[in-house]
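Some notes on the structure that comes next.
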Amino acid sequence: MASWLFGLAIFMVHLVGILSAVLALLSSRTSQGAVAWIISLITIPYLAVPAYWIFGRPRFYGYVSARGERDTVLRRILADYRTRLEPYLADARSPDVRAVERLAMMPLTSGNHAQLLIDGKATFDSIFAGIDAARDYVLVQFFIVRHDALGQQLKEHLLRAVRRDVRVYFLYDEVGSRKLAEGYLRELADAGVEVSPFRSSRGFKHRFQLNFRNHRKILVIDGREGWLGGFNVGVEYLGQHPRHGPWRDTHLKLTGPSVLGLQEAFWEDWHWATGEVIKLCWEPLVTCDECQNVVIVPSGPADRQETASLLVQQSIHSANERLWVTSPYFVPDQGVQDALRLAAMRGVDVRIMMPEHPDHLLIYISAFSFLPDMVRAGVKVYRYQPGFLHQKVILIDDAAAAVGTVNLDNRSFRLNFEITAFIPDRGFAAEVRLMLERDFANCRRITYEELQRRPLWSKIVSRAAYLTAPIQ
């Protein structure tokens with residue numbers, strides 16, 4: 001009897017492995033991923049089946065269904081808000097900008113002002129001043145929040161806002177902020193702050209969705225001012241970490257109708273996490289004299305398209321003179337690699353800026369597997385020297401720039417919820433160019449000879465590490 005039950009158990013495990021392999025064949029995000037999962041699920045189902053249901057799911061299915069609920073429950077609010085935006089819609093004459101609008105499923109709006117915030121002090125001084133000026137509500141969303149000195153400052157500003165009868169909504173990623181003390185969250189909640197984790201694995205049906213993360217950094221004040229970019233909340237982002245040293249990052253402050261796009265992304269995430277429909281101001285406001293056009297591009301694993309990857313590819317294809325990209329985690333898929341090489345072959349000044357010293361060793365090692373081919377094709381690769389580089393910025397010719405949370409890796413392209421501001425404005429692009437020129441002056445350029453001199457063992461390790469890119 002025992003042997004019969006054991007045999008049945010073995011049969012069931014292999015059956016589940018085969019069924020999971022069929023699902024991987026039909027739905028995996030990449031062909032390489034599909035092949036890897038199919039072989040693993042059929043040959044070693046005891047290990048591969050649980051790994052697949054945690055790391056291999058192609059879409060955030062719960063969020064997809066919640067988005068459908070939003071289309072019925074919240075349709076009136078969203079339709080009314082979009083109607084109010086109509087006087088501020090900009091004419092996207094360029095087909096490149098129209099493509100970004102369609103990817104974002106959000107409009108290009110006029111009447112905005114985008115302010116670059118370079119490094120930690122400028123960013124958090126601006127954020128804290130915004131919180132202190134709030135009159136109605138504050139929306140706060142970060143991937144990482146620490147209960148260190150900077151986290152305490154954020155908490156104190158939020159508590160002071162609550163004492164002024166300002167509504168505060170605090171959303172955090174439960175994995176990114178896994179070390180955040182319960183006492184920190186309890187103190188906020190006890191004071192009246194609405195606190196919630198993102199809950200990627202909310203409910204029984206979605207309990208395996210641990211690999212999907214909310215990497216967005218959004219802060220909105222009264223629907224009138226908004227912030228997004230590379231900064232999380234921790235003293236390392238101020239350059240106060242002994243291992244990372246000085247921290248180079250870029251954030252963005254927005255005013256104008258585009259702030260409502262940031263607000264909509266937070267609103268949708270909050271609805272998924274809590275089921276609540278929070279009452280917000282959806283009235284566009286213009287306060288700038290020299291205004292800019294902006295498209296807010298939310299992206300994530302619930303999208304019908306691979307929005308983040310397509311946004312990067314569209315940026316590459318639209319460049320005629322220069323394409324400068326900064327990313328701390330640079331392990332793009334084959335499509336993006338090919339597009340970068342082709343752009344360099346067309347004569348575009350393609351530059352990639354990456355950190356010299358990594359904080360994620362596996363991702364750092366993976367890049368060496370494809371960098372020789374990119375450098376040989378004419379792509380210029382630079383390593384930032386003074387400290388850790390964490391900014392996520394793209395400059396396209398002298399015409400447009402993008403600032404946000406998207407890294408050039410599979411996690412940002414397919415597994416994380418991200419947010420980007422795409423700004424087709426020559427004045428803003430000129431500011432970004434000056435900023436990046438200063439950064440390139442603090443870099444060293446990688447040569448093809450340097451990459452080729454690596455020992456054989458290093459080449460083998462980097463290639464093996466690159467095979468894990470679909471789940472990094």
Side-chain angles (χ1 to χ4, degrees), residues 60-82 84 105-106 131 134-143 145 154-155 157-159 161-177 180 182 184-207 209 212-228 233 259-283 296 298 300-303 416-419:
F60 196 143
Y61 292 110
Y63 200 101
V64 173
S65 61
R67 185 174 276 170
E69 294 169 12
R70 185 207 66 184
D71 288 342
T72 55
V73 178
L74 309 180
R75 183 181 298 166
R76 179 184 57 79
I77 298 172
L78 192 59
D80 181 58
Y81 141 58
R82 289 295 178 91
R84 296 182 193 183
M105 293 193 295
M106 285 194 179
I131 295 172
R135 297 181 178 181
D136 186 3
Y137 59 85
V138 178
L139 312 179
V140 185
Q141 179 175 8
F142 285 101
F143 177 61
V145 180
L154 174 64
K155 182 181 68 176
H157 284 279
L158 296 179
L159 293 178
V162 170
R163 288 195 287 269
R164 300 194 312 271
D165 293 326
V166 173
R167 293 177 292 143
V168 178
Y169 300 89
F170 184 93
L171 184 64
Y172 64 96
D173 186 272
E174 60 265 48
V175 173
S177 299
L180 184 59
E182 282 296 322
Y184 184 101
L185 299 171
R186 192 181 311 113
E187 187 174 352
L188 288 173
D190 290 346
V193 176
E194 298 290 335
V195 177
S196 177
F198 180 63
R199 305 183 198 276
S200 61
S201 56
R202 188 190 77 182
F204 182 79
K205 291 192 300 182
H206 315 303
R207 64 195 181 280
Q209 297 189 144
F212 296 121
R213 305 268 41 97
N214 197 313
H215 192 242
R216 292 171 179 165
K217 295 94 175 171
I218 296 173
L219 196 136
V220 174
I221 305 295
D222 298 338
R224 301 187 174 204
E225 296 179 319
W227 289 259
L228 76 159
V233 181
V259 174
L260 299 183
L262 290 181
Q263 181 168 281
E264 183 181 336
F266 179 96
W267 185 61
E268 189 174 54
D269 287 348
W270 187 267
H271 178 57
W272 157 258
T274 68
E276 298 173 358
V277 181
I278 54 178
K279 185 178 180 180
L280 303 174
C281 173
W282 296 100
E283 194 66 46
I296 298 298
D303 296 352
N416 286 347
F417 290 88
E418 308 279 7
I419 191 89

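Source: prediction; values computed, not measured. Positions are given from 1 along the sequence.
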Criterion ring-ring contact (aromatic ring centres under 6.0 Å, His included) on Phe198 and Phe417, from CA distance to verdict: CA-CA 11 Å; Phe198 180 63; Phe417 290 88; 5.3 Å; yes
Begin from the C-alpha positions of Val162 and Leu188 and carry the test side-chain contact (heavy atoms from CB on, under 4.5 Å) through to its verdict. CA-CA 9 Å; Val162 170; Leu188 288 173; over 6 Å; no
Residue pair Asp269, Asn214: steps toward the side-chain hydrogen bond (donor to acceptor under 3.5 Å, both in side chains) verdict: CA-CA 9 Å; Asp269 287 348; Asn214 197 313; 3.0 Å; yes
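With contacts defined as side-chain heavy-atom distances shorter than 4.5 Å, the pair Arg82/Glu264 qualifies. Between Arg199 and Ser196 the shortest side-chain heavy-atom distance falls below 4.5 Å. With a 4.5 Å cut-off on side-chain heavy atoms, Ile221 and Leu219 count as touching. Taking 4.5 Å as the limit, some side-chain heavy atom of Ile296 sits within range of a side-chain heavy atom of Ile419. Looking at Leu228 and Lys217, their side chains never come closer than 4.5 Å, going by heavy atoms from C-beta outward. For the pair Phe212 and Asn416, the minimum side-chain heavy-atom distance is 4.5 Å or more. For the pair Tyr169/Val140, no side-chain contact is recorded, criterion being any heavy-atom separation below 4.5 Å from C-beta on. Between Val138 and Val220, the closest side-chain pair of non-hydrogen atoms is not below 4.5 Å.
Closest approach of Ala273 and Leu171 over heavy atoms only: CB-CD1, 3.9 Å. Shortest non-hydrogen contact noted between Pro298 and Arg216 is CB-NH2, 3.6 Å. The two residues Met106 and Gly261 come nearest to each other via the heavy atoms CE-O, 3.5 Å. In terms of heavy atoms, Leu185 sits closest to Tyr172 at CD1-OH, 3.3 Å. Annotation for Leu159 and Ala191: closest pair CD2-CB, 3.3 Å, computed over non-hydrogen atoms. Pairing each heavy atom of Ala161 with each of Val168, the nearest pair is CB-CG2, 4.1 Å.
One finds the CG atom of Leu280 at 10.0 Å from the CG atom of Asp222 (value rounded to the nearest 0.5 Å). Distance check, rounded to the nearest 0.5 Å: CH2 of Trp282 to CG of Leu260 gives 6.5 Å. Here the straight-line distance linking atom NZ of Lys279 with atom CG of Asp136 works out to 9.0 Å at 0.5 Å rounding.
Proximity of a side-chain donor or acceptor of Glu283 to a complementary backbone N or O of Arg84 within less than 3.5 Å is not detected. A donor-acceptor contact shorter than 3.5 Å is absent between the side chain of Asp190 and the backbone of Glu187.
Between Phe266 and Trp270, the two ring planes are parallel [angle under 30°; tilted spans 30° to 60°]. The aromatic rings of Phe143 and His215 lie perpendicular to each other, with more than 60° between the two planes, well past the 30° mark.
For Trp267 and Trp272, the gap between ring centers reaches or exceeds 6.0 Å.
Using a cut-off of 4.0 Å between Lys/Arg side-chain N and Asp/Glu carboxylate O, Glu194 and Arg167 are scored as not salt-bridged.
Residues satisfying the salt bridge (charged side-chain N to carboxylate O under 4.0 Å, His left out) criterion with Arg224, sequence neighbours excluded, are absent altogether. With sequence neighbours excluded, no residue satisfies salt bridge (charged side-chain N to carboxylate O under 4.0 Å, His left out) with Arg135. Glu418 meets the salt bridge (charged side-chain N to carboxylate O under 4.0 Å, His left out) test with no other residue; sequence neighbours excluded.
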